[in-house]
Amino acid sequence: MRAVLIAVCLAAALAACERRPEQSQAAPAAVQAPAPDYPYERVQAITWDDAAGGFAFEGQLLAAGRLWRFDDGPQGFYGQGAAVSFSPLAGTRVTNTVHDALIRTPDGLALDGSRFNLLLIRLGREADGPPWDGSVHWITEAHGEHDDFHAKPFMGAAPALNETVILAYDMAHPVRGGADWVTSMIRQIRLDTDDGAGGRFILRQMALVENPAPARLRPLAAAASASAAGLR
């Protein structure tokens, strides 16, 4: 009986020695895939308050004469050289198909330019089509789209790839046009994004609001001119 037990023990020992090394080792930890490149939001003085559904400055919602959220469609916006499309997952997308593409708001806004002269556009870039433009033109009953009436953003220009920005335009101090905006009823607005073909954007929100801080929310050149003249 003792001989049998010894034989069994020897057999068990030999079996353990014959095991392959990998059978007695723990499985290696799974390699994690790299994190996706999520879109990010630029930190700016003007923000979008998703809970309140409006733009805000220093914690206060801004009074809007027109507000488009684009969460259920293009809301009458259309492109020239650009395709404006909508899906519940992506939202409202603008894809530039040719050079110098543009999009327009619906016609007939009948907006009081003397009151609502801060234009805010929140959009995210999905693809590049350089160079960036960012101009807006406006139409009144007295004139159509013309280079003599256009503005550039004083905040938020040139969104990077996968970045969401708020473009802010002080329409009381445009590049060209003088006091035309603030002395007119605004009928329609045009936005130029990239000058090159292939640019693609998600149009998130757009609004024409009252400027809560005209001395600060304005182009640097206009602020410097006001300071030199002794104005605040």
Side-chain angles (χ1 to χ4, degrees), residues 35-42 44 46-56 62 64-111 116 118-139 144-145 147 149-153 155-169 171 186-209:
D37 187 14
Y38 288 113
Y40 59 95
E41 185 105 13
R42 187 178 298 185
Q44 297 173 266
I46 298 173
T47 59
W48 172 256
D49 188 325
D50 201 45
F55 288 99
L62 303 182
R66 291 289 185 279
L67 173 61
W68 298 275
R69 295 189 178 90
F70 304 112
D71 51 5
D72 58 357
Q75 298 187 345
F77 280 64
Y78 62 96
Q80 180 176 317
V84 181
S85 59
F86 174 78
S87 73
L89 184 61
T92 297
R93 175 179 281 124
V94 177
T95 304
N96 294 347
T97 56
V98 300
H99 170 76
D100 201 21
L102 56 93
I103 59 173
R104 294 186 180 94
T105 68
D107 200 352
L109 297 180
L111 189 88
F116 302 104
L118 183 61
L119 171 62
L120 305 174
I121 304 171
R122 182 171 176 258
L123 79 168
R125 179 187 289 280
E126 292 188 320
D128 287 320
W132 165 256
D133 187 344
S135 296
V136 296
H137 298 72
W138 67 93
I139 298 172
E145 293 175 10
D147 196 49
F149 304 97
H150 82 272
K152 291 277 193 177
M155 179 190 299
L161 189 63
N162 295 319
E163 181 184 36
T164 292
V165 301
I166 294 173
L167 306 174
Y169 301 78
M171 303 306 292
I186 308 305
R187 181 176 145 184
Q188 191 174 29
I189 300 169
R190 157 188 160 181
L191 169 65
D192 294 27
T193 53
D194 286 341
D195 273 342
R200 191 171 70 248
F201 303 87
I202 296 296
L203 193 56
R204 303 192 186 282
Q205 295 89 24
M206 176 172 170
L208 286 152
V209 303

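Here the structure is a predicted model, which means the values were calculated and not measured. The analysis underlying the following values was restricted to heavy atoms, covering all of them including side chains, and did not include hydrogens, waters or symmetry mates.
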Q. Side chain to side chain contact (heavy atoms under 4.5 Å, CB included) with Met206: which of Ile121, Leu120, Leu67?
A. Ile121

(Q) With heavy-atom distances below 4.5 Å as the criterion, would you say the side chains of Val136 and Met171 are in contact? (A) yes

Q: Check side-chain hydrogen bond (donor to acceptor under 3.5 Å, both in side chains) between Asp71 and all other residues, then give those that pass, not counting sequence neighbours.
A: none

Q. Val165 versus Leu123: any side-chain heavy-atom pair under 4.5 Å?
A. yes

Q.
Please report the interatomic distance CD1(Ile202) to CG(Asn162), rounded to the nearest 0.5 Å.
A. 11.0 Å

Q | Value rounded to 0.5 Å, distance of CD in Glu41 from CD in Glu163 | A | 8.5 Å

Q: Could you list the residues that satisfy salt bridge (Lys or Arg N to Asp or Glu O under 4.0 Å) with Asp133, not counting sequence neighbours?
A: Lys152

Q) Who passes side-chain contact (heavy atoms from CB on, under 4.5 Å) against Ala158, sequence neighbours left out? A) Trp132

**Q.** Beyond-backbone contact of Tyr169 with Leu191, side-chain heavy atoms, under 4.5 angstrom
**A.** yes

Q) According to the salt bridge (charged side-chain N to carboxylate O under 4.0 Å, His left out) rule, which pairs have a member within residues 98-111, sequence neighbours left out? A) Arg104-Glu145, Asp107-Arg187

Q) Hey, mind stepping through Asp192 and His137 against side chain to side chain contact (heavy atoms under 4.5 Å, CB included) and telling me if it holds? A) CA-CA 8 Å; Asp192 294 27; His137 298 72; 4.3 Å; yes

**Q.** Closest non-hydrogen atom pair, Ala82 against Asn96
**A.** CB-OD1, 3.6 Å

Q.
How close do Pro153 and Leu167 get, counting heavy atoms only, and between which atoms?
A. CB-CB, 4.3 Å

Q. Do Arg66 and Phe116 come within less than 4.5 Å of each other through their side chains, counting heavy atoms only?
A. no

(Q) Measuring only between side-chain heavy atoms, which start at C-beta, is Ile103 closer than 4.5 Å to Leu203? (A) yes

Q | For Glu126, all residues meeting side-chain hydrogen bond (donor to acceptor under 3.5 Å, both in side chains), sequence neighbours excluded | A | Arg93, Arg200

Q: Could you tell me whether a side-chain N or O of His99 sits under 3.5 Å from a main-chain N or O of Asp195, the two making a donor and an acceptor?
A: yes

Q.
Just so I know, are the side chains of Arg122 and Phe70 near enough to count as touching, which here means a heavy-atom distance under 4.5 Å?
A. no

Q.
Using only atom types and a distance under 3.5 Å, with no angle test, would you say the side chain of Gln188 pairs donor to acceptor with the backbone of Thr105?
A. yes

Q) Between His150 and Ser135, what is the shortest heavy-atom contact and its length? A) CD2-OG, 4.1 Å

**Q.** Results of side-chain hydrogen bond (donor to acceptor under 3.5 Å, both in side chains) for Gln44 - residues two or more places apart only
**A.** none

Q. Closest approach of Pro130 and Asp128, non-hydrogen atoms and distance?
A. CD-C, 3.6 Å

Q.
Looking at every heavy atom in both Val84 and Pro74, which two are closest together, and how far apart are they?
A. CG1-CB, 3.7 Å

Q. Is the backbone of Pro159 close enough, under 3.5 Å, to the side chain of Arg125 for a donor and an acceptor to pair up by distance?
A. yes

Q.
To check you understand the geometry: which heavy-atom pair defines the closest contact between Ala168 and Ile46, and what is its length?
A. CB-CD1, 4.2 Å

Q.
What I'd like to find out is whether the side chain of Gln75 reaches to under 4.5 Å of the side chain of Thr92, using heavy atoms alone.
A. no

Q: Check whether any side-chain heavy atom of Ile139 sits under 4.5 Å from a side-chain heavy atom of Phe149, and report yes or no.
A: no

Q | Gap separating the CG atom of Leu118 from the CG atom of Leu62, nearest 0.5 angstrom | A | 7.0 Å

